[in-house]
Amino acid sequence: MNILVTGGAGYIGSHTCLELLESGYGVVVIDNLCNSNPKSLERVEALTGKKITFYEGDVRDEALLQRIFAENQIGCCIHFAGLKAVGESVAQPWRYYDNNLNSTLVLTKVMQQVGMKNLIFSSSATVYSADNEMPLSETAKTGNCTNPYGWTKYMTEQILSGMCTAEKDWSVCLLRYFNPIGAHKSGLIGEDPRGIPNNLMPYITQVAIGRREQLSVYGNDYDTPDGTGVRDYIHVVDLAKGHVAAVKYTTQHTGCEVFNLGTGVGYSVLDMVNTFQEINNVAVPYQIVDRRPGDIATCYANPAKSAALLGWKTQETLADMCRDAWNWQSKNPHGYSEDSQS
Ligand code: NAD
Ligand code: UFG
């Protein structure tokens, strides 16, 4: 079966393309490369010895999507394409709503036209309200998002679940990711953020390699064991495998189902820094600074539903995540780019 992967050249998409190919699926990618480099796909091809059919273009381009469905027999679509920087979404709300909502609307319109209605969507733990108890089950309260990025995920979930209510032949999995980090064991594909990283792990690896002077730890006065923020970090390869499990589920069921993809365990910022330093024998200088606006103290998943229905569980440890993130960064000090100006 061929899987259409939107945003397949990106961080999670490229790892998922690799796992799909290794599980015997054919892979067709559409990506406009607004936040990625086509080298990721070349490296996936080199690692697997298999070809990816790649279309450079925008998911909001209806004619291009029609052509892709006409030229390829697609059995399921995984929709990663989207903009994901929280701070940028506050500064550029229209761009985020346009890109993230219209890409889904155009994609599902064309899927409707061709009668292929199996869809997996990249949602986020950000859709959960801040006032829930931990761990977060899929039934926890959603909404009250604090930024336009979060609202695009929340609204897309509403759109897709409404479509499944109206038309019983749709099959949609909404996958709520917790905090993906790490890289493929080969060190050939990994996370390559543009500019200054917003997220913790790419910041740590860039400090370790000497591209940034020190890490700012955003607050040590939270109500957590060491006062720093606690998150559910998940190895990107485990996350990618969760998508392969979701493809099987989506193609065998109908309706809309929500799944958490997380480990169920929370680690603090200082746990991350200490594990990274110990496992890789490299220094990560840091200073404690004020809390970052919008952050919450603690966020981790209850992954029981994914285990029960998808038959999927994470396998990689925090040490694996730290080792693999560093392996990627040290083999690719400037990511996919050979340019050292970043
Ligand atoms: P990424 O930026 O590396 O990948 C997204 C890809 O989509 C990029 O290759 C980009 O070029 C492409 N893209 C964006 N808009 C497009 C459009 N209109 N048409 C075609 N291509 C387009 O991000 P990622 O970390 O791999 O995230 C993938 C998805 O998972 C996103 O939807 C993101 O919001 C979601 N997600 C990510 C995280 C995380 O922490 N990385 C957490 C929760 C959810
Ligand atoms: N942190 C620092 N210093 C940094 C970066 C982060 O101390 O330079 C801390 C944060 O305060 C937080 C933790 O590290 O306590 C994790 O922060 P990230 O920015 O890596 O991740 P978030 O949990 O804030 O958010 C991420 C994505 C969101 C997504 C969410 C849940 O950025 O888009 O995970 O999936 F919604």
Side-chain angles (χ1 to χ4, degrees), residues 5-16 29-38 40-41 55-61 64-65 78-87 89 95-96 98-100 102-104 106-107 121-128 136 145-147 149-150 152-153 156 175-181 191-194 196-204 206-207 212 214-220 222 224 228-234 236 239-240 243 260-262 266-270 272-273 286-301:
V5 183
T6 78
Y11 172 47
I12 306 170
S14 56
H15 287 82
T16 302
V29 167
I30 174 171
D31 199 304
N32 64 6
L33 305 178
C34 71
N35 196 40
S36 53
N37 189 309
S40 62
L41 295 177
Y55 293 83
E56 182 176 344
D58 199 294
V59 183
R60 291 165 294 177
D61 181 344
L64 175 60
L65 281 185
I78 308 180
H79 182 31
F80 290 109
L83 302 175
K84 64 165 184 176
V86 171
S89 81
R95 181 167 163 247
Y96 270 68
D98 177 36
N99 194 82
N100 293 4
N102 281 326
S103 63
T104 308
V106 173
L107 176 66
F121 174 65
S122 298
S123 190
S124 167
T126 199
V127 301
Y128 290 115
L136 293 161
C145 300
T146 53
N147 55 75
Y149 166 73
T152 68
K153 294 297 179 192
T156 304
L175 303 183
R176 293 180 182 155
Y177 311 157
F178 282 70
N179 290 55
I181 60 169
E191 187 170 14
D192 184 16
R194 298 210 166 155
I196 301 170
N198 297 304
N199 297 116
L200 180 63
M201 183 52 88
Y203 209 105
I204 289 177
Q206 291 195 10
V207 169
R212 318 261 162 220
Q214 62 179 351
L215 173 74
S216 295
V217 174
Y218 297 134
N220 66 350
Y222 285 107
T224 61
T228 65
V230 167
R231 297 290 183 276
D232 185 338
Y233 296 95
I234 173 172
V236 68
L239 186 67
H243 290 74
N260 283 337
L261 296 185
Y267 289 103
S268 74
V269 177
L270 293 181
M272 301 298 289
V273 172
Y286 67 85
Q287 60 169 346
I288 308 289
V289 301
D290 287 346
R291 292 181 177 193
R292 182 171 66 177
D295 275 356
I296 55 173
T298 303
C299 177
Y300 59 94

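Residue numbers run from 1 in the order of the sequence given. Whatever order the structure lists ligands and atoms in, that order sets their numbers, starting from 1. Computed from a prediction, not measured in an experiment: that's the story for all the values here.
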> For atom 24 (O) of ligand 2, what's the nearest protein heavy atom and its distance?
Replying inline: Arg292 NH2, 2.9 Å
> Looking at CG of Leu261 and CG of Leu239, how far apart are the two atoms once the value is rounded to the nearest 0.5 Å?
Replying inline: 5.5 Å
>> Under a 4.0 angstrom heavy-atom cut-off, which atoms of ligand 2 come close to Tyr149?
In response: 33 (O)
> Among protein heavy atoms, which lies nearest atom 12 (C) of ligand 2, and at what distance?
Replying inline: Arg231 NH2, 3.8 Å
>> For atom 34 (O) of ligand 2, what is the closest protein heavy atom, and at what distance to 0.1 Å?
In response: Asn179 ND2, 3.4 Å
> Which atoms of ligand 2 are found less than 4.0 Å from any heavy atom of Val217?
Replying inline: 7 (O)
> Any N or O on Tyr177 sitting closer than 3.5 Å to an N or O of ligand 2?
Replying inline: yes
>> Is any side-chain heavy atom of Ser268 closer than 4.5 Å to one of Tyr222?
In response: no
>> Distance under 4.0 Å to a non-hydrogen atom of Asn198: what atoms of ligand 2 satisfy this?
In response: 5 (C), 19 (O)
> Which protein heavy atom lies closest to atom 11 (O) of ligand 2, and at what distance to 0.1 Å?
Replying inline: Asp295 OD2, 2.5 Å
>> Quick one, Val59 and Leu65 - any side-chain contact, counting heavy atoms below 4.5 Å?
In response: yes
> Which distance, rounded to the nearest 0.5 Å, do you find between the OG of Ser103 and the CG of Asn32?
Replying inline: 9.5 Å
>> Using the rule side-chain hydrogen bond (donor to acceptor under 3.5 Å, both in side chains), only one of Asn99, Thr104, Asn102 pairs with Arg60; which is it?
In response: Asn99
> So which protein residues pack against ligand 1 under 4.0 Å, heavy atoms counted?
Replying inline: Gly7, Ala9, Gly10, Tyr11, Ile12, Asp31, Asn32, Leu33, Cys34, Asn35, Ser36, Gly57, Asp58, Val59, Arg60, Phe80, Ala81, Gly82, Lys84, Asn99, Ser122, Ser123, Ser124, Tyr149, Lys153, Tyr177, Pro180
> Can you list the residues that meet the ring pair (Phe, Tyr, Trp, His ring centres under 6.0 Å) rule with Phe178, with sequence neighbours excluded?
Replying inline: none
>> So if I count the atoms of ligand 2 from 1 in the order they appear, which ones are less than 4.0 Å from some heavy atom of Gly229?
In response: 15 (O)
>> Between Asp61 and Tyr55, does the side-chain hydrogen bond (donor to acceptor under 3.5 Å, both in side chains) criterion hold? Intermediate values first, please.
In response: CA-CA 12 Å; Asp61 181 344; Tyr55 293 83; over 6 Å; no
> Can you tell me how far CG of Asp98 sits from OG1 of Thr152, rounded to the nearest 0.5 angstrom?
Replying inline: 11.5 Å
>> Return the closest protein heavy atom for atom 9 (C) of ligand 2 as residue, atom name and distance.
In response: Val269 CG2, 3.6 Å
> Tell me, do Val5 and His243 make a side-chain contact under 4.5 Å, heavy atoms counted?
Replying inline: no
>> For ligand 2 and Val230, I'd like to know whether there is a polar contact (N/O to N/O, distance under 3.5 Å).
In response: no
>> To check your reading of the model: name the closest protein heavy atom to atom 18 (P) of ligand 2, its residue, and the distance in Å.
In response: Asn199 ND2, 3.5 Å
>> Taking 4.0 angstrom as the limit and counting only heavy atoms of Ser124, give me the atoms of ligand 2 inside it, by number and element.
In response: 29 (C), 31 (C), 35 (O), 36 (F)
> Under the 3.5 angstrom rule, does the side chain of Arg194 hit a backbone N or O of Cys34 as a donor-acceptor pair?
Replying inline: yes
> Which pair of non-hydrogen atoms, one from Ala297 and one from Arg231, has the smallest distance, and what is that distance?
Replying inline: O-NH1, 3.4 Å
> Can you list the atoms of ligand 2 that are under 4.0 Å from a heavy atom of Tyr233?
Replying inline: 13 (C), 14 (O), 16 (C)
> Atoms of ligand 2 less than 4.0 Å from Phe178 heavy atoms?
Replying inline: 31 (C), 35 (O)
> Given His15 and Phe80, is the ring pair (Phe, Tyr, Trp, His ring centres under 6.0 Å) satisfied, shown in steps?
Replying inline: CA-CA 12 Å; His15 287 82; Phe80 290 109; over 10 Å; no
>> Students should be able to answer this: which protein heavy-atom is nearest to atom 3 (N) of ligand 2, and at what distance?
In response: Ser216 O, 2.7 Å
>> Please enumerate all residues that pass ring pair (Phe, Tyr, Trp, His ring centres under 6.0 Å) together with Tyr300, with sequence neighbours excluded.
In response: none
> Which heavy atom of the protein is the closest neighbour of atom 7 (O) of ligand 2, given with residue, atom name and distance?
Replying inline: Tyr218 N, 2.9 Å
>> Once side chain to side chain donor-acceptor pair (under 3.5 Å) is applied, do any residues pair with Tyr96, and if so which ones, sequence neighbours excluded?
In response: Glu88
